[in-house]
Amino acid sequence: MKTLDLKNRWQELADVKDALGARNWFPGTSGNLSIKVSDDPLEFLVTASGKDKYQRTDEDFLLVDQHSQPVEQTGLKPSAETLLHQKVYELTDAGCSLHIHTVSNNVISELYAEKGEITFQHQELIKAFNLWEEDAVLRVPIIENPAHIPDLANLLAERIEENIFGVLIRNHGITVWGRNAFEAKKHLEAFEFLFETHLALRLQTQGGRS
Ligand SMILES: CSCCC(=O)C(=O)COP(=O)(O)O
Ligand SMILES: [Zn+2]
């Protein structure tokens with residue numbers, strides 16, 4: 001991998017991080033982001049664990065390998081949830097994976113947890129997922145939130161399939177991906193728009209009841 005590629009990927013991820021930060025999408029140091037740098041062997045930049053993701057520093061990301069281990073000796077710790085990013089890269093054609101905690105994604109994850117998914121139909125913004133048919137349906141799986149990260153990563157992996165672009169984690173957040181940083185950010189924005197719209201509509205029409 002060339003130094004220039006690494007620098008470009010770093011810059012791209014830092015820009016996405018700033019854009020998500022401007023939306024207040026990293027409360028309490030939550031959230032983690034990654035971008036693929038090399039396919040074979042897999043290497044990706046991932047956010048360092050526990051950092052204030054609203055700040056931009058030279059220590060925001062570190063390079064990890066196909067086992068989510070740092071490529072070089074460093075004092076930085078990869079995100080506690082790096083294994084989820086690794087699974088995304090193993091099982092999809094993603095080039096970028098984004099994980100955030102918002103009020104909307106947490107409320108939706110709890111409201112629809114028993115159903116195991118939430119679906120969206122007849123919403124213009126599902127076109128952000130390349131779903132253009134009149135009756136197309138966007139499915140978003142919802143998984144439980146075990147504390148043991150390998151268990152969480154396995155639950156995520158079980159729900160990844162074609163035309164799934166993100167998975168909700170119950171009372172935790174969402175992990176979203178795209179072929180590149182632009183597409184991953186587009187997917188994340190569209191998901192959050194759909195969640196907020198759904199909750200607002202539900203409040204209007206059902207007073208919040210299911
Ligand atoms: C304070 S948030 C709890 C951990 C978490 O869910 C998260 O997204 C951030 O963890 P990281 O190790 O990536 O900082
Ligand atoms: Zn998290």
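Nothing here was measured: the structure is a model prediction, and the numbers come from that model. Each ligand, and each atom within it, is numbered from 1 in the order the structure gives.
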To the closest 0.5 Å, what do you measure between CZ (Phe26) and CG (Leu20)? 4.5 Å
For Thr175 and Val88, which heavy atoms make the closest approach, and how far apart are they? CG2-CG2, 4.2 Å
Verdict with reasoning, Asn145 to Asn171, per side chain to side chain contact (heavy atoms under 4.5 Å, CB included): CA-CA 7 Å; Asn145 183 34; Asn171 289 321; 5.7 Å; no
No-hydrogen, no-angle side-chain donor-acceptor test under 3.5 Å, Asn105 and His172: no
Salt bridge Glu114-Arg170, side-chain N to carboxylate O under 4.0 Å: yes
In this structure, is the centre-to-centre distance between the rings of Trp177 and Phe165 below 6.0 Å? no
Is it true that, when you exclude Arg56 itself, more than 12 heavy atoms of the residues, nucleotides or ligands shown sit nearer than 6.0 Å to its CZ? yes
Rounded to the nearest 0.5 Å, what's the gap from NZ on Lys87 to CG on Leu156? Could you check? 9.0 Å
Residue by residue, ordered by chain and number, which ones reach under 4.0 Å of ligand 1 with a heavy atom? Gly28, Thr29, Ser30, Gly31, Asn32, Ser49, Gly50, Lys53, Ser79, Ala80, Glu81, His99, His101, His172
Would you indicate whether Gln66, at its atom CD, is surrounded by more than 12 heavy atoms from other residues, nucleotides or ligands within a distance under 6.0 Å? yes
Nearer than 2.8 Å to the Zn ion (ligand 2), the protein contributes N, O or S atoms numbering 4
